[in-house]
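Reviewing the structure listed below.
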Amino acid sequence: MESATNFFRNRYSLTGLESTLNEEEKAFQDMMHRFAEEVVRPAGAALDKLTPEQVIAPNSVLWEVYARFAELGVMEILASDEVDPVTEARLMQIMLEELAWGDSGIAVSLGAGLSPLMHAKMFENQFVMEKLLANPGIGCWAISEPDHGSNQIMHGKGYATQKPNCIVKFDGDKLVINGQKAAWVSNGPVANFASLFTACDFGGEELGQCVVVVPMDAKGVSKGKPLDKIGQRALPQGEVYFDNVVIEKEWLLVAPENYGAAFESQLSLANAGMGLMFTGLARAAFEHALDYAHERKQGGFAIIEHQDVQRRLFDMFRKVEMCRALSHRVNEYIAAAPRPSLLAAAASKVSVTDLTFEVATSALQMFGGNGLTKEYPMEKLLRDARAAQIEDGCNHVLSIKGGSLLNKDNPLA
Ligand SMILES: Cc1cc2nc3c(=O)[nH]c(=O)nc-3n(C[C@H](O)[C@H](O)[C@H](O)COP(=O)(O)OP(=O)(O)OC[C@H]3O[C@@H](n4cnc5c(N)ncnc54)[C@H](O)[C@@H]3O)c2cc1C
């Protein structure tokens with residue numbers, strides 16, 4: 001018998017109230033959905049049950065996911081100059097929603113994996129771009145430090161004056177890196193390249209901050225133990241250590257005088273991406289609840305017959321559509337705007353991840369006792385959604401930051 005989700009997909013569209021995809025976008029969505037359904041979702045479910053060490057072991061299915069994703073050619077599409085920013089943004093929103101519909105931990109890993117390439121393009125460094133395209137691997141964005149988590153979000157430019165844990169020293173035509181980044185770096189244990197946002201000693205009176213891409217096979221780079229955590233367990237996370245790492249100055253993407261703007265751009269990109277991805281998780285949770293409500297019989301009839309069950313499903317449905325509406329609006333706005341808008345991106349990230357957690361909680365409740373068991377997908381989705389409220393900035397802190405951008409006397413507003 002046809003599932004309720006498929007019935008509504010045929011009546012509306014794969015993602016619900018979607019009306020504006022052109023032919024190319026539709027083909028891209030079909031390709032991404034197939035990948036999410038056949039590769040990402042089963043891999044995410046399997047990886048969730050493993051230890052962090054097993055997740056990154058040579059025989060782990062994670063490597064197959066990376067290889068199959070590379071075959072889709074997304075890196076080449078994003079690196080191409082022929083794709084204009086708005087088209088790129090629309091492809092990104094299709095891709096990230098589908099990937100996270102499959103598994104949000106894997107979606108974050110694949111998204112973060114593109115960071116060095118996206119940064120090389122954004123900050124227009126042809127040397128780094130060519131190196132990355134010649135030797136494609138997994139990337140990471142390394143910014144959080146043991147003593148600077150929320151502090152980075154609150155005071156993106158300026159934290160470096162407060163005892164940074166990682167410093168790049170400018171030394172003629174070389175860069176010398178010492179210190180460490182926090183255990184939270186997504187892909188830290190598996191990355192081939194790190195996009196390092198960090199403090200620098202550039203010879204000025206005070207420390208500054210800069211962005212450098214670091215090849216992770218450089219002498220002196222080492223990786224910490226992969227982190228064991230409650231949700232998004234398919235996403236490998238861990239410290240990155242730098243012990244007198246020397247690289248050429250060509251790897252510098254952003255000099256200290258431009259760091260503030262670069263930080264705002266990257267955090268905007270990351271927060272906008274979070275909104276797109278977690279719309280996918282909300283949709284997955286809603287679909288599971290919708291199907292279960294049609295299948296589960298209590299006292300001889302399906303629970304969907306109860307008006308209150310229908311009302312609860314409607315509540316989830318409208319929240320998923322709210323997530324998509326806001327995250328797409330923000331993403332397309334940022335792509336076309338003359339300067340990145342953290343105000344817009346934080347609004348998307350905070351709203352979507354809070355709504356997604358609400359949807360995941362209601363969807364779990366729909367399964368009754370079964371929602372709590374590992375035999376059903378709901379408890380995993382709840383754990384994955386919970387992590388998102390801290391990821392890329394705690395929602396409380398991002399809200400304070402967003403509020404500060406509504407003060408017209410704030411120079412960043
Ligand atoms: C799944 C996941 C993926 C991540 N991926 C990456 C990544 O790829 N790269 C990377 O560099 N980092 C990454 N992070 C790190 C993430 O950005 C930080 O965890 C986050 O910024 C919070 O920092 P913290 O964990 O050190 O918490 P803290 O900063 O120690 O915060 C602790 C508590 O204090 C509160 N708090 C702190 N400062 C303030 C303030 N000024 N005002 C009010 N309340 C405050 C916070 O809200 C929180 O409740 C990831 C985190 C997670 C969970």
Side-chain angles (χ1 to χ4, degrees), residues 3-9 11-20 29 33 36 41 93-94 96-104 107-108 231-232 271-294 296 303-304 306-333 344-368 371 376-392 394-396 398-399 402:
S3 72
T5 296
N6 278 341
F7 174 85
F8 287 106
R9 279 184 189 164
R11 173 150 302 186
Y12 298 99
S13 79
L14 175 70
T15 59
L17 307 180
E18 188 77 72
S19 63
T20 55
Q29 186 186 54
H33 185 68
R41 189 172 273 194
Q93 62 206 25
I94 292 168
L96 294 181
E97 177 173 337
E98 290 313 315
L99 292 176
W101 174 90
D103 181 85
S104 59
V108 172
Q232 296 179 35
N271 269 209
M274 286 289 290
L276 300 171
M277 277 190 267
F278 285 87
T279 299
L281 192 160
R283 181 179 124 218
F286 163 67
E287 288 177 358
H288 285 304
L290 181 69
D291 286 340
Y292 190 80
H294 284 78
R296 172 69 178 156
I303 58 172
I304 184 71
H306 295 292
Q307 274 189 330
D308 190 56
V309 167
Q310 296 168 12
R311 181 194 63 76
R312 283 155 58 193
L313 285 166
F314 175 71
D315 235 38
M316 290 178 227
F317 166 78
R318 69 182 174 80
K319 286 178 181 170
V320 175
E321 290 296 337
M322 280 158 63
C323 288
R324 188 175 301 102
L326 178 61
S327 63
H328 282 207
R329 182 171 163 88
V330 163
N331 191 49
E332 291 181 32
Y333 171 77
S348 172
K349 192 271 173 171
V350 172
S351 308
V352 170
T353 55
D354 282 353
L355 283 169
T356 295
F357 187 68
E358 288 177 23
V359 172
T361 304
S362 309
L364 183 149
Q365 191 79 12
M366 188 63 73
F367 279 65
Y376 290 83
M378 306 321 295
E379 57 85 32
K380 172 183 179 294
L381 289 176
L382 188 76
R383 288 186 279 112
D384 291 349
R386 186 63 186 86
Q389 292 175 303
I390 296 171
E391 193 167 7
D392 278 358
C394 290
N395 282 1
H396 301 113
L398 286 170
S399 298

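Not measured: the values here are computed from a predicted model.
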Nearest atoms (heavy-atom pairs only) where [X] meets [Y]:
| X | Y | value |
| --- | --- | --- |
| Val330 | Ala272 | CG1-CB, 4.5 Å |
| Gly16 | Ser13 | O-OG, 2.8 Å |
| Leu313 | Phe286 | O-CE1, 3.5 Å |
| Phe278 | Ser104 | CE2-CB, 3.6 Å |
| Ala282 | Val320 | O-CG2, 3.7 Å |
| Leu398 | Ala346 | O-CB, 4.1 Å |

Glu379: which residues meet the salt bridge (charged side-chain N to carboxylate O under 4.0 Å, His left out) condition with it, sequence neighbours left out?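 Glu379: salt bridge (charged side-chain N to carboxylate O under 4.0 Å, His left out) contacts with Lys374, Arg383.
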Please list, chain by chain and in numerical order, all residues satisfying salt bridge (charged side-chain N to carboxylate O under 4.0 Å, His left out) with Arg311, sequence neighbours excluded.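 Salt bridge (charged side-chain N to carboxylate O under 4.0 Å, His left out) list for Arg311, sorted by chain: Asp308.
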Considering only NZ, NE, NH1 and NH2 on the basic side and carboxylate oxygens on the acidic side, decide whether Arg324 and Glu321 come within less than 4.0 Å.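 Result for this pair is yes, salt bridge flagged.
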Is Glu18 paired with Arg9 through a side-chain N to carboxylate O contact shorter than 4.0 Å?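 No, this pair does not count.
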Quick check: are there more than 12 heavy atoms from other residues, nucleotides or ligands sitting under 6.0 Å from CZ of Arg318?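 Count over threshold, so yes.
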Does atom NE2 (His396) have a neighbourhood of more than 12 heavy atoms from anything else shown, all under 6.0 Å?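 No, the 6.0 Å shell around NE2 holds no more than 12 heavy atoms from other groups.
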So how far is it from [X] [atom1] to [Y] [atom2], rounded to the nearest 0.5 Å?
| X | Y | atom1 | atom2 | value |
| --- | --- | --- | --- | --- |
| Arg283 | Cys323 | CZ | SG | 12.0 Å |
| Asp354 | Lys349 | CG | NZ | 8.0 Å |
| Ile303 | Arg312 | CD1 | CZ | 7.0 Å |
| Leu99 | Ile94 | CG | CD1 | 11.5 Å |
| Met274 | Asp392 | CE | CG | 5.0 Å |
| Phe317 | Leu290 | CZ | CG | 10.0 Å |

Could you tell me whether a side-chain N or O of Ser399 sits under 3.5 Å from a main-chain N or O of Asn395, the two making a donor and an acceptor?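 Yes; judged by distance alone, with no hydrogens or angles, the pair exists.
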Output yes when a side-chain donor or acceptor of Asn271 lies under 3.5 Å from a complementary backbone atom of Ser348, and no otherwise.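 It does not hold such a pair.
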If we only count heavy atoms from C-beta on, is the [X] to [Y] side-chain gap below 4.5 Å?
| X | Y | answer |
| --- | --- | --- |
| Phe7 | His294 | no |
| Met366 | His288 | no |
| Leu276 | His328 | yes |
| Trp101 | His33 | yes |

With side chain to side chain donor-acceptor pair (under 3.5 Å) as the test, pick out the partner of Asp103 among Gln232, Lys380, Arg41.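 Exactly one option meets the side chain to side chain donor-acceptor pair (under 3.5 Å) with Asp103, and it is Lys380.
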Using the side-chain hydrogen bond (donor to acceptor under 3.5 Å, both in side chains) criterion, which residues pair with Ser327? Sequence neighbours excluded.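 Thr279.
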Please identify each residue that fulfils side-chain hydrogen bond (donor to acceptor under 3.5 Å, both in side chains) with Asp291, with sequence neighbours left out.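 Scan of Asp291 (side-chain hydrogen bond (donor to acceptor under 3.5 Å, both in side chains), adjacent residues dropped) gives Thr5.
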Please check if any side-chain donor atom of Gln29 sits under 3.5 Å from a side-chain acceptor atom of Glu97, or the reverse.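 Note: Gln29 and Glu97 side chains miss the donor-acceptor criterion.
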When you look at Leu364 and Leu381, which way does the side-chain contact (heavy atoms from CB on, under 4.5 Å) test go after all the steps? CA-CA 9 Å; Leu364 183 149; Leu381 289 176; over 6 Å; no
Evaluation steps, side-chain contact (heavy atoms from CB on, under 4.5 Å), between Arg296 and Ile304: CA-CA 8 Å; Arg296 172 69 178 156; Ile304 184 71; over 6 Å; no
Pair listing, side-chain hydrogen bond (donor to acceptor under 3.5 Å, both in side chains) test, anchored in residues 355-365, at least two apart: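 Pairs touching residues 355-365 that pass the test: Lys319-Glu358.
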With sequence neighbours left out, what residues match Tyr376 under side-chain contact (heavy atoms from CB on, under 4.5 Å)?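 Result, side-chain contact (heavy atoms from CB on, under 4.5 Å) vs Tyr376: Tyr292, Phe367, Asn370, Thr373.
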